[in-house]
Amino acid sequence: MSRHAKKLRDHDINPCLAETDATTKCMNDNNYNKDMCTDYFLKYKNCRKFWHGIMMQRKRSGVKPEMPSAEERKKILESMGKPY
């Protein structure tokens, strides 16, 4: 597995790993018919948008690391309910 692929599979780097896996599974199960997986694509897009907003907010505030760790993200989601 390439270094880039390993990064994408890392829970601390990719906050939308579950959504990525669900989208991939849907595409595999539906013979790559994108129309069947629209909901999964939307969930993934909303997840990326949400965490990008969090990351930009932390960057503006000078918080390091800009992307919260998997443990921090879990706490954020528990406190907010799943916003996406």
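When reading the values below, keep in mind they use all heavy atoms of this one structure, side chains included, and skip hydrogens, waters and symmetry mates.
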Just grab all the disulfide (SG to SG under 2.5 Å) pairs involving residues 37-84, residues at least two apart or on different chains.
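Only Cys16-Cys47, Cys26-Cys37 qualify under disulfide (SG to SG under 2.5 Å).
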Applying disulfide (SG to SG under 2.5 Å), which residue pairs with at least one partner in residues 50-84 are found, sequence neighbours left out?
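Passing the test, one end in residues 50-84: no pairs.
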Taking all heavy atoms of Ile76 and all of Phe50, pick out the closest pair and write down the distance.
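Distance-wise, the nearest heavy atoms are CG2-CZ, 4.5 Å.
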Taking all non-hydrogen atoms of both residues, which atom of Tyr40 and which atom of Thr23 are closest, and how far apart?
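For Tyr40 versus Thr23, the nearest heavy atoms are O-OG1, 3.4 Å.
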Looking only at atom types and distance, does a side-chain atom of Asn30 sit under 3.5 Å from a main-chain N or O of Tyr32, one as donor and one as acceptor?
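No.
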Within the side chain of Asn14, is there an N or O that forms a donor-acceptor pair under 3.5 Å with the backbone of Asp10?
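No, Asn14 side chain to Asp10 backbone: no donor-acceptor pair under 3.5 Å.
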Going by the rule salt bridge (charged side-chain N to carboxylate O under 4.0 Å, His left out), which residues pair with Asp39 if we only count those two or more places apart in sequence or in a different chain?
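Per chain and number, Asp39 pairs via salt bridge (charged side-chain N to carboxylate O under 4.0 Å, His left out) with no residue.
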Sequence neighbours left out, what passes salt bridge (charged side-chain N to carboxylate O under 4.0 Å, His left out) with Arg48? Give chain and number order.
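Counting only residues at least two positions away or on another chain, Arg48 forms no salt bridge (charged side-chain N to carboxylate O under 4.0 Å, His left out).
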Pairs flagged by salt bridge (Lys or Arg N to Asp or Glu O under 4.0 Å) wherever residues 55-72 is involved - sequence neighbours left out
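Every salt bridge (Lys or Arg N to Asp or Glu O under 4.0 Å) pair that includes a residue of residues 55-72, provided the two are not neighbours, is Arg58-Glu72, Lys64-Glu66.
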For residues 11-32, pull every pair meeting salt bridge (Lys or Arg N to Asp or Glu O under 4.0 Å), keeping only residues two or more places apart or in separate chains.
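Residue pairs passing salt bridge (Lys or Arg N to Asp or Glu O under 4.0 Å), neighbours aside: Arg9-Asp21, Glu19-Lys82, Lys25-Asp29.
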Heavy atoms of other groups near Met56 CE, more than 12 under 6.0 Å
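Above 12, so yes.
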If we only count heavy atoms from C-beta on, is the Asn46 to Pro83 side-chain gap below 4.5 Å?
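When only atoms from C-beta onward are counted, Pro83 and Asn46 do not touch, as no gap falls below 4.5 Å.
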Check step by step if side-chain contact (heavy atoms from CB on, under 4.5 Å) holds for Trp51 and Met67.
CA-CA 8 Å; Trp51 289 113; Met67 178 58 73; 4.1 Å; yes
Mind checking whether [X] and [Y] sit in one hydrophobic cluster, side chains of I, L, V, M, F, W, Y counted as touching below 4.5 Å?
| X | Y | answer |
| --- | --- | --- |
| Tyr44 | Met27 | no |
| Met36 | Phe41 | no |
| Tyr84 | Leu17 | no |

